[in-house]
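Computed from heavy atoms alone, side chains included, the values below leave out hydrogens, waters and symmetry copies. Note that the structure is a prediction, hence the values are computed from the model and not measured.
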Amino acid sequence: MNRRRRLPLSLRRRAVPWEGQRPTWREARPGVIAGALKRARARPSGNWFVVGASRALRGDGKLARTVAGQEVVVWRGPGGRLVGGPGVCPHLGAPLADSPVRCGTLVCHWHGLALDGGPYAGWAPLPVHDDGVLVWVRLDEAGGEEPLDTPVVPRRPARPGALDAVYTAVGVCEPEDVVANRLDPWHGAWFHPYSFVDLTVVDAPGDRAGAADDGLDALTVDVSFKVAGRLVVPVRAVFFAPEPRTVVMHITEGEGAGSVVETHATPLGADGAGRPRTAVIEAVVAASHRPGFAAARRIAPLLRPLLRATAGRLWRDDLAYAERRWQLRSTGRFPG
């Protein structure tokens with residue numbers, strides 16, 4: 001498949017209506033998806049969970065989130081070093097999520113207990129990591145695995161030449177439901193016809209002899225992104241789950257080759273009805289060999305909201321998929 005084009009756009013010459021496209025339900029075998037999910041869940045995470053975007057920690061910014069039922073807060077301490085720990089004040093339990101950061105010190109808004117990220121007054125820091133796009137926290141008790149010094153960060157384009165944006169949404173489901181959604185690319189052109197057409201999964205675990213058992217879990221997809229009318233951008237993308245709560249899509253051929261979309265599923269805790277809540281934190285790290293991409297990076301603040309809006313439209317549907325999957329699983333009605 002020749003993806004080296006002078007222009008990224010292509011004209012669909014044999015466009016078919018939504019109902020006329022080739023059905024994919026026979027190829028989207030439940031056993032293949034379940035097997036890939038099972039092997040993803042068996043890979044080590046080192047107890048690391050994504051909290052949010054690195055960009056949120058500029059200046060006196062902070063990230064506060066409940067992760068696996070534990071309140072955590074992350075900010076930049078004195079000298080700009082990344083620090084973080086429990087989001088409950090050890091004095092009388094104030095929510096540190098509501099407390100401001102002043103010159104690298106988080107000051108409790110109830111009684112003024114000041115924290116610079118070091119152990120103090122019963123407050124103890126947690127391991128945190130900034131990979132340049134996302135911020136992670138390590139929760140060993142919640143993860144229950146052998147801890148790793150750093151999280152499993154997917155391969156990305158070099159940051160000086162890339163454009164990144166982070167989108168976050170929350171759904172009533174568990175991380176495995178989000179991961180299962182991403183390990184089912186067969187639904188793309190059916191469920192998201194406003195974005196994808198001409199989708200074909202050209203390689204998947206289980207399609208090759210022994211592939212379901214030998215760890216070769218990459219899903220390779222040919223798909224075209226819709227632009228307008230019959231104008232599309234064809235690419236080849238590869239999906240892989242490097243750890244239990246992450247699925248990465250690498251664009252390997254076509255426009256934006258080298259770009260990645262990372263979908264991270266962070267468990268939050270139960271809602272008031274006792275249902276699990278999961279944050280989808282998706283990082284788009286885009287790259288391109290085209291000269292105009294350098295100009296696009298210069299207007300990154302204007303482009304990031306567009307990238308987030310695109311992700312938001314897709315996740316409006318995909319969270320419905322994940323939530324439906326959890327609902328059926330939790331009531332013993334999930335097929336198979």
Student: Establish, for the pair R313 and Y194, whether the NZ or CZ atom is under 6.0 angstrom from the six-membered ring centre and no further than 45 degrees off its axis.
Tutor: yes
Student: Taking R39 for its side chain and D217 for its backbone only, find out whether a donor-acceptor pair lies under 3.5 Å.
Tutor: no
Student: I need the single residue from D60, L115, L82 that forms a side chain to side chain contact (heavy atoms under 4.5 Å, CB included) with W75. Which is it?
Tutor: L115
Student: May I have the step-by-step check of side-chain hydrogen bond (donor to acceptor under 3.5 Å, both in side chains) for T246 and E262, ending in yes or no?
Tutor: CA-CA 7 Å; T246 299; E262 300 174 11; over 6 Å; no
Student: Would you mind checking if E282 and R308 are paired as a salt bridge, meaning a charged N to carboxylate O distance below 4.0 Å?
Tutor: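 Salt bridge: no.
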Student: Considering residues, nucleotides and ligands other than R22, do more than 12 of their heavy atoms fall under 6.0 Å from its CZ?
Tutor: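 Result for CZ/R22: enclosed.
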Student: Counting the benzene-type ring for Trp, do W186 and W25 have ring centres under 6.0 Å apart?
Tutor: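 Distance test on ring centres: not under 6.0 Å, no.
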Student: Do the ring planes of F191 and Y321 sit parallel (below 30°), tilted (30 to 60°) or perpendicular (above 60°)?
Tutor: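 Aromatic pair F191/Y321 classed tilted.
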Student: Would you confirm whether the ring centroid of W136 sits within less than 6.0 angstrom of the ring centroid of H264?
Tutor: yes
Student: Is it the case that the side chain of W326 and the backbone of D177 share a donor-acceptor pair, with hydrogens and angles ignored and the cut-off at 3.5 Å?
Tutor: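 No.
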Student: Both conditions, 6.0 Å and 45 degrees, for the charged tip of R325 above the ring of F334: are they met here?
Tutor: yes
Student: Would you call Y120 and P90 a side-chain contact if the rule is heavy atoms closer than 4.5 Å?
Tutor: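 Y120 vs P90: side chains apart.
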